[in-house]
Amino acid sequence: MSETHKLYNYRKKNGYDFFFNGRGIDIGGGHDTLSKEIFNGITDITPYDSSLGLGHDANTCHDLDDESFDFVYSSPCLEHLDNPAAAIRHWVRICKKGGF
């Protein structure tokens with residue numbers, strides 16, 4: 001069982017639905033992305049992981065436009081990146097103003 005799946009009950013119980021609303025991206029989760037069935041506010045979730053063979057790079061998100069998503073989610077990924085601080089700046093760049 002993956003990290004995202006293991007924490008569904010905790011996140012539901014602790015009100016994470018507030019953050020998971022609208023169009024989101026799941027960075028580094030492979031095939032275990034956040035579930036629209038569990039978090040009903042998610043309208044669309046984009047899996048973004050190098051293992052999917054699509055050229056995704058969580059370090060730069062080079063192929064994603066600024067302010068593209070209502071929320072950015074990642075678990076576990078950050079500890080595997082070359083420069084986590086730079087990656088977070090890119091993650092903030094792709095998140096809409098007022099997003100999470």
Closest non-hydrogen contact found for I42 with K36 is CG2-CG, 3.5 Å
Output a table of donor-acceptor pairs, distance under 3.5 Å, between side-chain atoms of residues 13-22 and any protein atom two or more places apart or on a different chain; print 'none' if there are none.
{"residue": "N14", "atom": "ND2", "partner": "Y10", "partner atom": "O", "Å": "2.8"}
{"residue": "D17", "atom": "OD1", "partner": "K12", "partner atom": "NZ", "Å": "2.9"}
{"residue": "D17", "atom": "OD2", "partner": "K12", "partner atom": "NZ", "Å": "3.3"}
{"residue": "N21", "atom": "ND2", "partner": "D17", "partner atom": "O", "Å": "2.8"}
{"residue": "N21", "atom": "ND2", "partner": "F18", "partner atom": "O", "Å": "3.1"}

I'd like to know if the side chain of D65 and the backbone of S68 have a donor-acceptor N/O pair within less than 3.5 Å.
no
Salt bridge R23-D44, side-chain N to carboxylate O under 4.0 Å | yes
Between the OH atom in Y48 and the CZ atom in F69, the distance rounded to the nearest 0.5 Å is 8.5 Å
query: Are I45 and F39 linked, directly or through other ILVMFWY residues, by side chains that come within less than 4.5 angstrom of each other?
result: yes
Checking T4, D26, T33 against Y73 for side-chain hydrogen bond (donor to acceptor under 3.5 Å, both in side chains), the one that qualifies is T4
Give every donor-acceptor pair under 3.5 Å between a side-chain atom in residues 74-82 and any protein atom, sequence neighbours left out.
{"residue": "S74", "atom": "OG", "partner": "I27", "partner atom": "O", "Å": "2.8"}

Shared hydrophobic cluster for I88 and V72 (ILVMFWY, side-chain gaps under 4.5 Å):
yes
- Task: Take atom CG of D63 as the centre, draw a 6.0 Å sphere, and report whether it contains more than 12 heavy atoms from other residues, nucleotides or ligands.
- Result: yes
NE2 (H56) and OG1 (T46) are apart, to the nearest 0.5 Å, by 8.5 Å
dist H62:NE2 -> D57:CG (nearest 0.5 Å) comes out at 6.5 Å
One should read off an interatomic distance between D66 CG and I94 CD1, to the nearest 0.5 angstrom, of 9.5 Å
Heavy-atom nearest pair, E67 first then K96, reads O-CG, 3.4 Å
- Are the side chain of R89 and the backbone N or O of T60 linked by a donor-acceptor pair below 3.5 Å? no
The reported gap from SG in C61 to NE2 in H90 (rounded to nearest 0.5 angstrom) is 7.5 Å
On a heavy-atom basis, the closest approach of A58 and A87 is O-CB, 3.7 Å
The reported gap from OG in S35 to OH in Y8 (rounded to nearest 0.5 angstrom) is 4.5 Å
